[in-house]
Amino acid sequence: PYSKLKLIIIAYLSLQGSEFEEVTCKDFPWAHNALQDEEFAPVGGTAWTLADDDTRKDIEGVSDPAEDGCEFNDGTTGACPMSETVDAKAQEDGLGVETVVVGIACDHLVALACGENNAMCFLYDITDIQSPALLKAFNLSPVSQSKNPEQSYGVDLGDIDAETSLFITPEMSPTGHSGILFGGAISGTLSFYEFVCKLPETGDRATGSSSSDDGFPTFAIAFIVAAIVVLGVGLFAIIKYGGGAKASDNAQPDDDHVAADAAPSASTGNQYV
């Protein structure tokens, strides 16, 4: 048994390492050590207007193709999408893990680690802390691959720099499922991701296993997003699942939300869908 503080520290130390770099490079090459921060705010927008002279110059430089900006097919210019900033942070701090949260989902003890400026998150089963198993790597703002924040405000911008994250138990959850709330410090967005389990959650993590020998169960996340854009002009609320389609009250995750490389678990107890 570990104290909560000690457990979080052990989980963080166990998950830190080359796997973050390798998985991002393989599955999300457009986000590898990429960068979107407050300087990606639009020139003339709210953040630019409220900024001091030095910060304004930084924002203008990021949007200027002659410096760090991009020119788009329609002839407009602005800050580059994330895919044009690959390895911008490679020599500084790489992924820059900033958030780690721990909780019980589908009767497994899980830990989530998220980076600072590229919106990458890594979900691990840490039921066996000596052998953490990666369940899923995902990006909180997929649209940032091809759009800068100005282009996606009020439409489909995800969470950039989710430095505030909170694990939600089924009793607290608006959907009755365990989940995680993300607050994007740079994007000004708030998202709720839920776990969908094959069996009702009991809260007993002893029934789960993170052993790679067992073949961890297939995993999926659905998410509900309600966001207020604070760096530009826009206010929007969206309810959707991960594929981008609007969800009805009885919507179920589609095949796109099932990890193709995950095998059904040979262990007993609850499983992820």
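Because the structure is predicted, anything quoted here is derived from the model rather than measured.
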**Prompt:** Within a strict 4.5 Å, meaning less than it, do heavy atoms of the F182 and C121 side chains meet?
**Reply:**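 Contact flag for F182/C121 side chains = yes.
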
**Atom pair CG (D27) and NZ (K136), whose distance is rounded to the nearest 0.5 Å** =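 D27 atom CG to K136 atom NZ measures 9.5 Å (nearest 0.5 Å).
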
**Donor-acceptor contact present, side-chain S187 to main-chain G158, <3.5 Å** =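 Such a contact is found between S187 side chain and G158 backbone.
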
**Request:** For atom CG of D53, decide whether the heavy atoms of other residues, nucleotides or ligands shown that lie under 6.0 angstrom number more than 12.
**Result:**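 Atom CG in D53 is not packed in, count stays at 12 or less.
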
**Message:** Any heavy-atom pair between the side chains of D87 and H32 that's under 4.5 Å?
**Reply:**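 Side-chain contact under 4.5 Å: yes.
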
**Asked** In Å and rounded to the nearest 0.5 Å, what is the NE2 to OG distance from H108 to S178?
**Response**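 Result: 11.5 Å between the selected atoms.
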
**Prompt:** Linking I/L/V/M/F/W/Y whenever their side-chain heavy atoms sit closer than 4.5 Å, directly or via other members, would V143 and F40 fall into one cluster?
**Reply:**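 No, no single cluster joins them.
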
**Prompt:** Side chains of V101 and L166: does their closest heavy-atom pair fall under 4.5 Å?
**Reply:**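 V101 vs L166: side chains apart.
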
**Message:** With a sphere of 6.0 Å drawn around CG of D74, does it hold more than 12 non-hydrogen atoms of other residues, nucleotides or ligands?
**Reply:**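 Counting other residues, nucleotides and ligands, CG of D74 exceeds 12 neighbours.
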
**Request:** Taking S141 for its side chain and L157 for its backbone only, find out whether a donor-acceptor pair lies under 3.5 Å.
**Result:**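 A pair under 3.5 Å: no.
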
**Message:** Is a donor from one side chain sitting under 3.5 angstrom from an acceptor on the other, for N33 and E21?
**Reply:**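 Yes - a donor-acceptor pair under 3.5 Å links their side chains.
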
**Asked** Hey, does I59 have a side-chain heavy atom less than 4.5 Å from the side chain of V62?
**Response**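 When only atoms from C-beta onward are counted, I59 and V62 do not touch, as no gap falls below 4.5 Å.
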
**Asked** Can you tell me if D58 and T55 form a side-chain donor-acceptor pair at under 3.5 Å?
**Response**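 There is no such pair (donor and acceptor under 3.5 Å, judged by atom type) between the side chains of D58 and T55.
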
**Message:** Rounded to the nearest 0.5 Å, what separates atom SG in C114 from atom CD1 in I180?
**Reply:**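 The CD1 atom of I180 is 7.5 Å from SG of C114, to the nearest 0.5 Å.
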
**Non-hydrogen side-chain atoms of D161 and D37 separated by less than 4.5 Å** =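 Contact flag for D161/D37 side chains = no.
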
**Message:** Could you report the tightest heavy-atom contact between S146 and Q151, atom names first, then the distance?
**Reply:**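 For S146 versus Q151, the nearest heavy atoms are O-OE1, 4.2 Å.
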
**Item:** Main-chain N/O of P142 paired to Q145 side chain as donor or acceptor, under 3.5 Å
**Value:**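 No; zero donor-acceptor contacts below 3.5 Å.
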
**Atom pair OG1/CD of T77 and E71 - distance to nearest 0.5 Å** =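 It is 7.0 Å, given to the nearest 0.5 Å.
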
**Prompt:** Can you name the side-chain contact (heavy atoms from CB on, under 4.5 Å) partners of E22, sequence neighbours left out?
**Reply:**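 E22 satisfies side-chain contact (heavy atoms from CB on, under 4.5 Å) with S18 once adjacent residues are dropped.
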
**Item:** I160 side chain reached by M82 side chain, heavy atoms, under 4.5 Å
**Value:**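 Result yes, sub-4.5 Å side-chain heavy-atom pair found.
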
**Nearest atoms (heavy-atom pairs only) where A51 meets R56** =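 Distance-wise, the nearest heavy atoms are O-NE, 3.6 Å.
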
**Asked** Closest approach of I104 and E201, non-hydrogen atoms and distance?
**Response**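 In this case the closest contact between I104 and E201 is O-OE2, 4.2 Å.
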
**Prompt:** Parallel, tilted or perpendicular: which fits the ring planes of F20 and Y124, with parallel below 30° and perpendicular above 60°?
**Reply:**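 It falls in the perpendicular class, over 60°.
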
**Minimum-distance pair of heavy atoms, taken over all atoms of C80 and G69** =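 Of all heavy-atom pairs spanning C80 and G69, the closest is SG-C, 3.4 Å.
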
**Item:** L35 backbone acceptor or donor facing T85 side chain under 3.5 Å
**Value:**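 Side chain of T85 to backbone of L35: a pair is present.
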
**Over all atoms of both residues, closest heavy-atom pair of H177 and F192** =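 Answer, listing the atom of H177 first, then F192: O-CZ, 4.2 Å.
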
**Message:** I'd like to know if L123 and F167 are part of one continuous hydrophobic network [Ile/Leu/Val/Met/Phe/Trp/Tyr, side-chain heavy atoms within less than 4.5 Å].
**Reply:**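 In one cluster: yes.
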
**Request:** Find out whether N148 and F72 are in side-chain contact, i.e. whether some heavy atom of one side chain is under 4.5 Å from a heavy atom of the other.
**Result:**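 Yes, side chains in contact.
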
**Request:** Over all heavy atoms of both residues, which pair between D159 and A119 is shortest? Give the atoms and the distance, please.
**Result:**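 That closest heavy-atom pairing would be O-CB, 3.5 Å.
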
**Prompt:** For G45, does its backbone N or O pair with a side-chain atom of T49 as donor and acceptor, under 3.5 Å?
**Reply:**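 At least one qualifying donor-acceptor pair exists.
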
**Item:** Interatomic distance, N139 atom CG to W30 atom CH2 [nearest 0.5 angstrom]
**Value:**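 Between atom CG of N139 and atom CH2 of W30 there are 3.5 Å.
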
